[in-house]
Colleague: 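Just dropping this structure here.
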Amino acid sequence: MTTNTIALNRQRHPLDKDEPVWLFGYGSLIWKADFPFVERREASIQGWSRRFWQGSDDHRGTRASPGRVVTLIEDEGASCKGMAYKVLPDVFAHLDHREKNGYLRFMTTMSFKETEQVQGLIYIAAPDNPAFLGSAPLPEIAAQIARCSGPSGRNDEYLLKLADALRLLGDNDRHVFDIENLLLTECQTG
Ligand code: SIN
């Protein structure tokens, strides 16, 4: 599979109608909404956990020194909070470009409140994509994030903005907050 998923995503979900589509964001899409949207609502999805397991050589790192960004890993019983956006289909040209480094669009069910659910799209970088880095000890992940930087900025900015956004959502994502803590206490001192 090529790392660039733009063409694959167009084939997977041809969006040629004028119907708005719900998009669930769980990473930078929570705090960096650089696209027009009709409506935005806090939401959650079930059965997935956020992990800093995806490599980034196009946004928060380089080919020689890839950074780490989040993807979702299947996790029965887990709940992942994020932000849902109702967008017009032409917005996906921008989103597909932004998420091109290994992320594929999938359909998912997202919940707004306990009872209100809608179907929509989500970008997930699956373990079989070439940029996937997978698990590593949290201090190693924090150190990698502390030293990496790419065309969209420093990797630690991505982590810190995500952690702030999750606090605002009232989320208690131990994976993200433990890495943030390691970064702030250990990686900044040397
Ligand atoms: C997302 O935010 O939903 C996808 C991952 C990212 O762009 O950080």
Side-chain angles (χ1 to χ4, degrees), residues 9 12-13 15 17-54 56 59-60 67-126 138 141 145 152-181 183-184:
N9 275 325
R12 285 164 75 85
H13 299 283
L15 301 166
K17 298 197 208 95
D18 290 333
E19 278 292 298
V21 181
W22 280 103
L23 165 75
F24 180 82
Y26 56 88
S28 66
L29 289 173
I30 300 180
W31 53 266
K32 189 176 178 185
D34 60 352
F35 50 87
F37 54 86
V38 181
E39 191 182 343
R40 168 164 64 180
R41 295 183 74 177
E42 294 178 12
S44 62
I45 57 168
Q46 304 303 315
W48 296 91
S49 283
R50 187 171 14 236
R51 292 287 179 266
F52 269 91
W53 289 5
Q54 174 68 2
S56 175
H59 285 302
R60 301 286 166 171
R68 276 186 181 256
V69 289
V70 289
T71 184
L72 291 179
I73 302 298
E74 283 192 85
D75 188 0
E76 208 182 323
S79 174
C80 176
K81 282 194 184 170
M83 191 63 80
Y85 302 88
K86 195 193 250 186
V87 298
L88 293 172
D90 59 5
V91 170
F92 282 91
H94 167 70
L95 293 171
D96 286 348
H97 185 265
R98 175 171 159 174
E99 303 295 325
K100 68 183 184 313
N101 193 211
Y103 291 84
L104 289 175
R105 291 189 217 153
F106 291 86
M107 283 302 290
T108 190
T109 303
M110 58 194 90
S111 309
F112 296 136
K113 301 232 166 76
E114 265 143 49
T115 51
E116 204 183 336
Q117 293 187 327
V118 295
Q119 294 292 308
L121 290 174
I122 187 170
Y123 287 92
I124 295 177
L138 294 190
I141 293 182
I145 290 172
S152 296
R154 294 169 57 111
N155 204 172
D156 58 3
E157 179 199 42
Y158 177 106
L159 165 68
L160 298 174
K161 287 199 167 167
L162 177 59
D164 282 345
L166 294 178
R167 272 187 283 275
L168 282 176
L169 289 177
D171 195 12
N172 183 26
D173 189 322
R174 282 318 333 150
H175 175 78
V176 173
F177 294 145
D178 286 352
I179 296 171
E180 181 195 36
N181 201 26
L183 183 113
L184 293 175

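Not measured: the values here are computed from a predicted model.
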Colleague: Identify whether the distance between the nearest side-chain nitrogen and carboxylate oxygen of K161 and D164 falls below 4.0 Å.
Modeller: no

Colleague: Start with the C-alpha gap between E180 and R167, add the side-chain angles, then the distance that decides, and say whether side-chain contact (heavy atoms from CB on, under 4.5 Å) holds.
Modeller: CA-CA 12 Å; E180 181 195 36; R167 272 187 283 275; 2.7 Å; yes

Colleague: First locate atom CG of D156, then atom CD1 of I179, and finally report the distance between them rounded to the nearest 0.5 Å.
Modeller: 13.0 Å

Colleague: Show, in sequence, the C-alpha distance, side-chain angles and deciding distance for V21 and F92, and conclude whether the side-chain contact (heavy atoms from CB on, under 4.5 Å) test is met.
Modeller: CA-CA 10 Å; V21 181; F92 282 91; 4.0 Å; yes

Colleague: Does E39 have more than 12 heavy atoms from other residues, nucleotides or ligands lying within 6.0 Å of its CD?
Modeller: yes

Colleague: Identify the heavy atoms of L72 and I124 that sit nearest to each other, and give their distance.
Modeller: O-CG2, 3.8 Å

Colleague: Quick one: salt bridge (charged side-chain N to carboxylate O under 4.0 Å, His left out) pairs with a partner in residues 41-52, sequence neighbours left out?
Modeller: R41-E116, R50-D171, R50-D173

Colleague: Considering non-hydrogen atoms only, spot the tightest contact between V91 and P36 and give its length.
Modeller: CG2-O, 3.7 Å

Colleague: Testing the basics here: between D75 and S49, what is the closest heavy-atom pair and its distance to 0.1 Å?
Modeller: OD2-OG, 2.6 Å

Colleague: Under a 3.5 Å threshold, yes or no: a donor from one side chain and an acceptor from the other, between R98 and S28?
Modeller: yes

Colleague: Minimum heavy-atom separation for L162 and G27, please, with both atom names.
Modeller: CD1-O, 3.8 Å

Colleague: Can you check side-chain contact (heavy atoms from CB on, under 4.5 Å) on Y26 and I45, steps first, answer last?
Modeller: CA-CA 10 Å; Y26 56 88; I45 57 168; 5.8 Å; no

Colleague: Evaluate the criterion ring-ring contact (aromatic ring centres under 6.0 Å, His included) for residue pair F106 and W48; output intermediate values, then yes/no.
Modeller: CA-CA 13 Å; F106 291 86; W48 296 91; 7.4 Å; no

Colleague: So how far is it from R40 CZ to K86 NZ, rounded to the nearest 0.5 Å?
Modeller: 15.0 Å

Colleague: If we only count heavy atoms from C-beta on, is the Q119 to T108 side-chain gap below 4.5 Å?
Modeller: no

Colleague: What's the spacing between Y103 OH and I122 CD1 if we round to 0.5 Å?
Modeller: 11.0 Å

Colleague: Decide if atom NE2 of H94 counts as having more than 12 heavy atoms of other residues, nucleotides or ligands within a radius under 6.0 Å.
Modeller: yes

Colleague: Given 3.5 Å as the limit, does a donor-acceptor pair link the side chain of N9 with the main chain of R105, or not?
Modeller: yes

Colleague: Could you check whether any side-chain heavy atom of L29 comes within less than 4.5 Å of a side-chain heavy atom of E99, counting everything from C-beta outward?
Modeller: yes

Colleague: What distance do I30 atom CD1 and L166 atom CG have between them, rounded to the nearest 0.5 Å?
Modeller: 5.0 Å

Colleague: For the residue pair N101 and S56, what are the closest heavy atoms and their distance?
Modeller: OD1-CA, 3.9 Å

Colleague: Assign the ring pair W31 / Y158 to parallel, tilted or perpendicular, where the plane angle (0 to 90°) is split at 30° and 60°.
Modeller: perpendicular

Colleague: Distance alone, cut at 3.5 Å: any donor-acceptor contact between the side chains of Y123 and D96?
Modeller: yes

Colleague: Can you give me the closest heavy-atom contact between L23 and M110, atom names plus distance?
Modeller: C-CE, 4.2 Å

Colleague: Applying salt bridge (charged side-chain N to carboxylate O under 4.0 Å, His left out), name anything that partners D90, two or more places apart in sequence or on another chain.
Modeller: none

Colleague: Could you give the distance from OG (S44) to NZ (K81), rounded to the nearest 0.5 Å?
Modeller: 7.5 Å

Colleague: Run the side-chain contact (heavy atoms from CB on, under 4.5 Å) check on V70 and Q54 step by step: do they pass?
Modeller: CA-CA 6 Å; V70 289; Q54 174 68 2; over 6 Å; no

Colleague: Please state whether the rings of F37 and F35 are parallel, tilted or perpendicular, taking 30° and 60° as the class boundaries.
Modeller: perpendicular

Colleague: To the nearest 0.5 Å, what is the distance between CD1 on I73 and CH2 on W53?
Modeller: 5.0 Å

